Protein chains: 2
Amino acid sequence: MHTTNIIKPLSVDSVIFGFEDDQLKVLLIKRIVDKDSGTWALPGGYIKYDEDIDVAAARILEERTGVKVFMKQLGAFGEVNRFPDKRIITIAYYALVKPRNFALSLEDDASAIEWVNVYDLPKLLFDHGIIIEHALRSLRRRVRIEPIGFNLLPNSFPLLSLQRLYESILNTTFDKPNFRRKILKMKLLIPLEEKQEGVAHRSARLFKFDKNRYDKLIDKGFSFEV
Amino acid sequence: MHTTNIIKPLSVDSVIFGFEDDQLKVLLIKRIVDKDSGTWALPGGYIKYDEDIDVAAARILEERTGVKVFMKQLGAFGEVNRFPDKRIITIAYYALVKPRNFALSLEDDASAIEWVNVYDLPKLLFDHGIIIEHALRSLRRRVRIEPIGFNLLPNSFPLLSLQRLYESILNTTFDKPNFRRKILKMKLLIPLEEKQEGVAHRSARLFKFDKNRYDKLIDKGFSFEV
DNA sequence: GCAAAAGTGTTCTTCGTACACCCATGC
DNA sequence: GCATGGGTGTACGAAGAACACTTTTGC
């Protein structure tokens with residue numbers, strides 16, 4: 001990491017959500033060698049002097065994890081004592097990704113990187129636990145009114161996967177027939193010819209999210225709601 | 001203003017919403033003497049080294065305007081060129097206040113201060129116009145699911161005032177009978193014995209928002225929605 | 001009387017919810 | 001056959017939208 005030309009009292013931390021094994025997870029890093037050894041943390045770093053903060057967040061995430069994605073800002077966390085010894089204010093970001101699409105890569109051998117169930121987190125560095133809580137709250141609010149959930153699923157998926165996704169994010173359950181009808185009525189999904197394979201039950205039709213269609217509907221005043 | 005012991009690349013700006021004459025307004029300041037003369041701006045300033053950012057925002061707002069209120073964070077604005085010459089990242093806050101409750105006071109004679117209709121803004125300093133847009137979007141989202149609108153009204157108010165408030169924030173119109181029923185059904189308003197006075201029509205009953213009641217309903221799973 | 005807002009009543013439709021039920025597939 | 005999930009049908013009730021109508025007050 002470059003240490004010149006950076007803004008020292010300002011860091012960036014990223015909460016990366018992924019959906020794997022029907023569980024909502026976040027991407028955490030653990031420094032193995034230095035004094036924080038043993039504590040998991042959000043991927044983060046310092047902003048450069050001549051770099052937009054959104055760009056800094058994306059750069060730092062990629063450097064730390066190999067994940068390249070555009071993120072949404074969560075907000076600034078600036079309690080005086082959030083960081084030991086020094087005053088560092090951090091700007092938190094979050095994003096939703098498909099874990100399968102990324103080969104996690106580490107910048108060095110001194111760290112471990114892992115997808116961790118968001119409902120079963122280990123002890124985290126500084127206020128990173130609080131940051132994740134905020135990110136989760138924001139995710140819950142947004143996921144019900146914007147079709148961002150699809151970012152967590154493979155390009156094609158059966159409807160029950162979508163339902164399980166919403167259930168795990170919102171920590172609730174839905175009636176299957178009703179959920180199905182509600183989603184299909186929006187006409188946001190393109191039914192594919194493909195079917196599930198190798199499952200121990202009747203194979204389900206796969207669907208694909210139609211971003212184009214969504215944009216057009218939005219122009220007509222449509223509003224997504226789960 | 002103190003210039004020692006502050007974090008220089010980090011400022012705070014506040015969007016203060018008020019409701020006056022059936023219009024949604026924001027509080028703006030204009031520097032009259034210096035080089036920015038003639039340009040309206042959001043009240044803002046620098047964060048101190050040993051001060052929580054939320055506290056800094058409240059302190060700065062009070063210093064600039066006399067308005068003392070707790071605010072909600074909107075987020076950080078950090079485009080490289082948002083501020084001329086220097087790199088300054090700002091953390092924006094917003095709040096909803098009752099304009100009548102505040103005697104606007106200026107720290108010096110070099111400034112003017114004013115409530116300005118949010119739908120008819122003058123040219124603003126730096127990216128302050130963008131910040132207000134974001135604040136308005138956030139306000140619109142929140143006002144429909146949290147009873148924060150009452151913060152903009154006097155303690156007691158007729159139902160039509162509430163309706164006009166929502167209409168001006170959401171930039172829409174509601175059917176009076178339906179709006180009335182919807183709000184009353186929530187049981188969040190205490191009907192008072194008082195009536196409007198000096199109006200050229202049948203005087204309306206006044207109501208008061210019942211915060212206690214709201215907190216209790218929330219515990220029972222109630223969710224506010226307009 | 002007229003204008004303006006207060007306040008009540010009613011109808012129609014849409015939508016969410018609950019749940020019964022049949023279908024296909026692997027073991 | 002049985003378990004598991006896929007997928008359809010239906011019936012009830014709550015909630016929203018539209019609008020007609022009566023009441024009260026100042027001018």
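Everything numeric here is computed off the predicted structure, so don't read it as measured data. Quick note on labels: first sequence line is chain A, next is B, and so on, each numbered from 1. Only heavy atoms go into these numbers, but all of them, side chains included; no hydrogens, no water, no symmetry mates.
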Touch check for B:R205, heavy atoms < 4.0 angstrom, all strands: base, sugar-phosphate only, or nothing?
->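 Sugar-phosphate, backbone atoms only, no base.
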Hey, are the side chains of [X] and [Y] touching, using non-hydrogen atoms and a 4.5 Å cut-off?
X	Y	result
A:I169	A:F19	no
A:L42	A:L28	yes
A:M71	A:I16	yes

Nearest to the side chain of [X], heavy atoms from C-beta on, is which of [options]?
X	options	result
A:L160	D:dG5, D:dG7, C:dA5	D:dG5
B:R202	C:dC19, C:dA6, D:dC19	C:dA6
B:K185	D:dC19, C:dG16, D:dA15	D:dA15
A:H201	D:dC19, C:dT25, D:dT23	C:dT25

In whole angstrom, give the distance that lies between atom [atom1] of [X] and atom [atom2] of [N].
X	N	atom1	atom2	result
B:D175	C:dT11	CG	C1'	14 Å
A:D22	D:dT4	CG	P	15 Å
A:F179	C:dC15	CZ	P	17 Å

Any donor-acceptor pair under 3.5 Å joining the side chain of A:R181 to the base of D:dG9?
->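 Donor-acceptor pair under 3.5 Å: yes.
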Donor-acceptor pair under 3.5 Å: do we get one between B:K176's side chain and the base of C:dA6?
->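 Flag set: donor-acceptor pair detected.
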Pairwise 5' ranking along DNA chain C for B:L159 and A:K182, keeping only the more 5' one |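 Its nearest nucleotide lies further toward 5', so the answer is B:L159.
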Output yes when at least one side-chain N/O atom of B:R180 is less than 4.0 Å from OP1 or OP2 of C:dG7, else no.
->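 For C:dG7, OP1/OP2 do have a side-chain N/O of B:R180 under 4.0 Å.
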Hey, which of these two, A:A204 or B:P177, hits DNA chain D nearer its 5' end, going by closest nucleotide?
->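 Nearest-nucleotide comparison on DNA chain D picks A:A204.
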Under-4.0 Å salt bridge between B:E62 and B:R59 =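 No salt bridge links B:E62 with B:R59.
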